[in-house]
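The structure appears right after this line, and notes come after that.
In what follows, every heavy atom counts, from backbone to side chain, and hydrogens, waters and symmetry copies are set aside.
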Amino acid sequence: MLTRRDFVKGALAVAAASPLASLSCSRGGPDGKTLVVGGLPVTCNLTLPVACAAQAASAGPGTRRFEYSKYSGWPEIKESLMSGRIQAGYMLAPLVMDLADKGIPVKIVSLGHRSGAVIMVRTESPVQQFKQLAGKRIAIPSRFAVDFLFLRKMLARENMSVDALEIVEMPPPDMPAALYASAVDAYCTGEPFGAAAQSAGYARPLRMTRDEWPKYICCVLTVREELIRDDAPLVQDLVNHVLGAGAWLDAQQQNRDKAVAIAAGRDFFNQDPKILQFVMEHPTDRVTYGDLRMIRQEFQDLMELSMQAGTIHHEIPYEKYVDERFARSAQPAAISL
């Protein structure tokens, strides 16, 4: 049994990790001197704060700077990109596919990370093998989330159907507390919401994408086509900094420590740095950033999984939602932080 102190510790950690803890979605950049890039305060988006901070530290006079804008969830970023309120942001890859198919002028120009999703159970749970989840209640962020595709991939591997589980949709910040209260038997989501419960002592990973799907992609850098048309060099600079940030993050642990200090600040995630640090260290490849190549077959595989899940209803041409020119021409920025 956990003590009340253990529970309070976990609850505070979850609150600190929650995107709702400090919502700031200011439009920014009305004078055209900044490019507002939307993102969530999740470790799959960590390359964005690093890219913004690095560019700000090295930008010369007259450089149009990147400005991070924190959002509470994917639907809000989706709406802002659709309306043109922001010109760039990190988005779920299947959502971008769907938007492009519906005529919204957006393109994926870079990956943001690899891996980073977990399936968590209580520390004392008798569940040791995935197939033991049969009949259990599992929380997912949304049936449109790539986390759900990870869960479906694991089900297929064990020759299990989705009907074998009781699946409920739940905001990721609520999942650790729901697991603690035994309202769910497990949950599948991205970080830091697995780490929040694990570091508090009442949960453990049952499965991680680092082991089961190491090339897993979820969050992708997405821009509106008019930004590509009107300022392609700026898009290239953003891609260069994101790729540079990814290489820098995976180069050594000291860089990840610096990234945590940057991202935890008020200008970015505004989170408890201990939770972010836990993700960076337990284990060190819980989320990876160094290999941000855009590979057509990986997107095709993701689309097929989405079609099987019923969230995408037909095949969408790769060129309709991806613009590879910036990745092909990229010169990853040197990060000096």
Side-chain angles (χ1 to χ4, degrees), residues 1-3 6-7 9-11 13-14 17 42-44 94 114-218 275 278-279 281-288 301-302 304-306 308-311:
M1 295 293 290
L2 295 176
T3 66
D6 291 328
F7 177 70
K9 178 183 176 184
V14 171
V42 294
T43 49
C44 292
R114 286 189 184 274
S115 196
V118 291
I119 299 173
M120 305 295 295
V121 297
R122 284 183 63 101
T123 303
E124 74 279 10
S125 170
V127 174
Q128 298 294 331
Q129 303 296 325
F130 183 86
K131 61 185 177 182
Q132 292 177 291
L133 289 175
K136 304 294 185 182
R137 196 169 198 228
I138 317 298
I140 61 170
S142 162
R143 293 179 187 270
F144 291 90
V146 186
D147 313 285
F148 181 47
L149 301 184
F150 172 43
L151 183 63
R152 288 180 61 91
K153 195 176 183 76
M154 293 302 304
L155 284 165
R157 188 172 296 175
E158 297 291 341
N159 295 315
M160 297 168 66
S161 72
V162 175
D163 295 336
L165 308 177
E166 181 186 352
I167 297 175
V168 297
E169 296 185 19
M170 182 180 296
D174 297 343
M175 292 181 182
L179 184 68
Y180 179 88
S182 297
V184 296
D185 299 295
Y187 63 86
C188 179
T189 192
E191 296 294 1
F193 303 109
Q198 185 181 356
S199 63
Y202 60 85
R204 58 178 169 84
L206 178 66
R207 291 289 185 270
M208 306 173 76
T209 50
R210 69 178 286 270
D211 303 313
E212 310 297 341
W213 190 2
K215 295 297 184 182
Y216 169 97
I217 55 176
C218 176
I275 300 296
F278 190 93
V279 178
E281 295 179 349
H282 297 88
T284 55
D285 60 349
R286 195 171 184 130
V287 190
T288 62
D301 293 345
L302 198 61
E304 289 176 2
L305 286 169
S306 298
Q308 292 166 13
T311 51

What verdict does the side-chain contact (heavy atoms from CB on, under 4.5 Å) test give for Phe150 and Leu305, after you've listed the backbone C-alpha separation in whole Å, the side-chain angles of each residue and the deciding distance to 0.1 Å? CA-CA 9 Å; Phe150 172 43; Leu305 286 169; over 6 Å; no
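- Shown here for Leu155 and Ser161, the closest heavy-atom pair between the two residues is CD2-O, 3.8 Å.
- The shortest distance between side-chain heavy atoms of Val127 and Asp185 does not fall below 4.5 Å.
- To the nearest 0.5 angstrom, Ser125 atom OG is 8.5 Å from Leu179 atom CG.
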Pair Glu212-Lys153, side-chain contact (heavy atoms from CB on, under 4.5 Å): steps then yes or no: CA-CA 9 Å; Glu212 310 297 341; Lys153 195 176 183 76; over 6 Å; no
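- In this structure, the side chain of Arg210 does not engage the main chain of Pro283 through any donor-acceptor pair within 3.5 Å.
- Taking CE from Met160 and NZ from Lys131, the interatomic distance works out to 9.5 Å, rounded to the nearest 0.5 Å.
- A heavy-atom distance below 4.5 Å is found between the side chains of Glu169 and Ile140.
- Separation of atoms CG (Leu165) and CE (Met154) is listed at 11.0 Å; rounding is to 0.5 Å.
- Side-chain contact check for Arg207 versus Cys188: every heavy-atom pair is 4.5 Å or farther apart.
- The structure places OH of Tyr202 at 11.5 Å from CD of Glu124, a figure rounded to the nearest 0.5 Å.
- Between the side chain of Arg143 and the backbone N or O of Phe148, no donor-acceptor pair lies under 3.5 Å.
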List the steps and the verdict of side-chain contact (heavy atoms from CB on, under 4.5 Å) for Arg114 and Ile217. CA-CA 5 Å; Arg114 286 189 184 274; Ile217 55 176; 3.5 Å; yes
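- Distance alone, capped at 3.5 Å, places no donor-acceptor pair between the Thr209 side chain and the Pro214 backbone.
- The shortest heavy-atom contact between Pro173 and Pro176 is O-CD, 3.7 Å.
- Listed for the Thr189 side chain is no donor-acceptor partner under 3.5 Å among the backbone atoms of Pro141.
- Of the possible polar contacts, none joining the Arg286 side chain to the Glu281 backbone as a donor-acceptor pair under 3.5 Å is found.
- For Thr311 (side chain) and Ser306 (main-chain N/O), a donor-acceptor pair under 3.5 Å exists by modelled atom type.
- In this structure, Phe130 and Arg157 have side chains that are not in contact, with every pair of non-hydrogen atoms separated by 4.5 Å or more.
- One finds the CD1 atom of Ile138 at 7.0 Å from the CG atom of Leu151 (value rounded to the nearest 0.5 Å).
- Between Trp213 and Tyr216, the angle of the ring planes goes over 60°, which puts this pair in the perpendicular group of the 30/60° scheme.
- For the pair Tyr187 (side chain) and Ala178 (backbone), a donor-acceptor distance under 3.5 Å is absent.
- Phe193 is listed as a side-chain neighbour of Val42, based on a closest heavy-atom distance under 4.5 Å.
- If you take CD on Glu166 and NZ on Lys136, they are separated by 11.5 Å, rounding to the nearest 0.5 Å.
- Of the possible polar contacts, one joining the Gln132 side chain to the Gln128 backbone as a donor-acceptor pair under 3.5 Å is found.
- The heavy-atom pair separating Arg122 from Ala181 by the smallest distance is NH1-N, 4.3 Å.
- Ala139 approaches Val184 most closely through the heavy-atom pair CB-CG1, 4.1 Å.
- Closest non-hydrogen pair, Gly194 versus Met120, comes out as O-CE, 3.5 Å.
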Could you go through Ser199 and Ile275, starting from their C-alpha distance and side-chain angles, then the distance that decides it, and tell me whether this counts as side-chain contact (heavy atoms from CB on, under 4.5 Å)? CA-CA 7 Å; Ser199 63; Ile275 300 296; 3.5 Å; yes
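- In plain terms, the two heavy atoms of Ser115 and Val287 that are nearest each other are O-CG1, 4.1 Å.
- Here the side chain of Arg137 pairs a donor or acceptor atom with the backbone of Ala183 at under 3.5 angstrom.
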